[in-house]
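Source: prediction; values computed, not measured. Heavy atoms only: backbone and side chains are in, while hydrogens, waters and symmetry mates are out.
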Amino acid sequence: MRELICINCPLGCRLTVNDSNLNDIKVKGNTCFRGVKYAISEVSEPKRMVTSSVPVTGSTVSRVSVKTNNPVPKDKIFEVLKLIKTVKATAPVKIGDVLYKNICDDVHLVATSNAL
């Protein structure tokens, strides 16, 4: 039995999740369907977006912010962060530019700020 707070909408429902049988996860306390989906994902295969910044050359700014375009399995976050440390960008960089392809399981690292 686990207790979670749903983060999929502003309500922040307190969820009770019975995950004793991963083939039949039971969720209580959700107000909308997204709570069930979130709880099942969180107990069976938790994922997170990864954000950071990388150095950029040829620009007036020294770093550009980045994020993964999709969530990364929680157990691979530190591996992804280690790879991000090796990434260097060259201006011009625009929001949405892919700076590293397939950083993890077909997840790409994209710029979230401009460096012109």
Side-chain angles (χ1 to χ4, degrees):
M1 196 72 82
R2 295 188 196 191
E3 291 188 11
L4 303 171
I5 295 177
C6 183
I7 59 171
N8 278 312
C9 79
L11 292 176
C13 295
R14 293 184 179 274
L15 307 175
T16 303
V17 184
N18 183 342
D19 61 345
S20 58
N21 178 358
L22 290 179
N23 293 323
D24 187 28
I25 297 171
K26 305 242 189 278
V27 180
K28 293 181 182 176
N30 59 296
T31 303
C32 68
F33 69 94
R34 291 180 288 182
V36 173
K37 185 176 176 183
Y38 167 75
I40 291 171
S41 172
E42 189 63 17
V43 298
S44 62
E45 189 182 5
K47 294 182 176 185
R48 300 289 185 270
M49 297 295 283
V50 177
T51 61
S52 188
S53 64
V54 298
V56 61
T57 58
S59 174
T60 57
V61 298
S62 61
R63 300 187 74 77
V64 64
S65 59
V66 295
K67 71 172 190 146
T68 54
N69 68 330
N70 285 307
V72 171
K74 247 177 116 173
D75 62 346
K76 294 187 178 186
I77 289 174
F78 290 109
E79 177 184 324
V80 168
L81 288 170
K82 190 174 180 179
L83 283 171
I84 290 173
K85 280 185 159 187
T86 68
V87 177
K88 293 176 178 46
T90 304
V93 176
K94 295 181 183 162
I95 294 173
D97 285 354
V98 175
L99 301 180
Y100 195 110
K101 288 187 178 185
N102 297 319
I103 200 158
C104 174
D105 301 332
D106 202 32
V107 173
H108 310 303
L109 187 68
V110 297
T112 58
S113 62
N114 293 320
L116 304 172

Inset, instruction - Please name the pair of heavy atoms, one in Asn114 and one in Lys94, separated by the smallest distance, quoted to 0.1 Å. - result: OD1-CA, 3.2 Å
Legend entry - Minimum-distance pair of heavy atoms, taken over all atoms of Pro92 and Leu116: CB-CD2, 4.1 Å
Legend entry - Non-hydrogen side-chain atoms of Leu4 and Val17 separated by less than 4.5 Å: yes
Inset, instruction - Give, for atom CD1 of Ile103 and atom CG of Leu109, the distance between the pair rounded to the nearest 0.5 Å. - result: 4.5 Å
Legend entry - ILVMFWY network linking Val72 to Val43, side-chain heavy atoms under 4.5 angstrom: no
Inset, instruction - Check the hydrophobic clustering (I, L, V, M, F, W, Y; side-chain heavy atoms under 4.5 Å; chains of links allowed) and say if Phe78 and Tyr100 are grouped together. - result: yes
Inset, instruction - Determine, for Glu3 against Lys28, whether the closest basic-nitrogen to carboxylate-oxygen distance falls under 4.0 angstrom. - result: no
Inset, instruction - Would you check if Cys104 and Thr68 make a side-chain contact, meaning some heavy-atom pair closer than 4.5 Å? - result: no
Inset, instruction - Flag yes if Ile7 and Val36 sit in one hydrophobic cluster, no otherwise; membership is Ile, Leu, Val, Met, Phe, Trp, Tyr, and two members link when side-chain heavy atoms are under 4.5 Å apart. - result: yes
Inset, instruction - Please check if Ile95 and Val93 belong to a single hydrophobic cluster, counting links between Ile, Leu, Val, Met, Phe, Trp and Tyr side chain heavy atoms closer than 4.5 Å. - result: no
Legend entry - From CZ (Arg63) to OG (Ser52), nearest 0.5 Å: 6.5 Å
Inset, instruction - Using atom types as modelled and distance alone, determine if a side-chain donor or acceptor of Ser41 lies under 3.5 Å from a backbone N or O of Tyr38. - result: no
Legend entry - Leu11 side, atom CG; Cys32 side, atom SG - distance, nearest 0.5 Å: 7.0 Å
Inset, instruction - Could you grab the distance from atom CD1 of Ile25 to atom CZ of Arg2, nearest 0.5 Å is fine? - result: 8.5 Å
Inset, instruction - Considering non-hydrogen atoms only, spot the tightest contact between Cys13 and Thr31 and give its length. - result: SG-OG1, 3.0 Å
Inset, instruction - Only counting residues at least two apart or in another chain, list the ones meeting side-chain hydrogen bond (donor to acceptor under 3.5 Å, both in side chains) with Asn69. - result: none
Legend entry - Non-hydrogen side-chain atoms of Arg48 and Pro71 separated by less than 4.5 Å: no
Inset, instruction - Please round to the nearest 0.5 Å and tell me the distance separating atom NZ of Lys26 and atom CG of Asn21. - result: 8.0 Å
Legend entry - Met1 versus Asp19, closest heavy-atom pair with distance: N-OD1, 3.8 Å
Inset, instruction - Could you check Val56, Val64, Thr90, Val110 and say which one makes a side-chain contact (heavy atoms from CB on, under 4.5 Å) with Leu99? - result: Val64
Legend entry - Gap separating the CG atom of Asn8 from the CD atom of Glu42, nearest 0.5 angstrom: 10.0 Å
Inset, instruction - Any chance you could pull the hydrophobic cluster mates of Ile5, using side-chain heavy atoms under 4.5 angstrom and chaining through other members? - result: none
Inset, instruction - Return the minimal non-hydrogen interatomic distance between Cys6 and Gly35, and the atom names on each side. - result: SG-CA, 3.8 Å
Legend entry - Chi angles and distances behind the side chain to side chain contact (heavy atoms under 4.5 Å, CB included) call for Thr112, Thr51: CA-CA 9 Å; Thr112 58; Thr51 61; over 6 Å; no
Inset, instruction - For residues Ile84 and Ser53, report the shortest heavy-atom separation together with the two atoms involved. - result: CG2-O, 4.3 Å
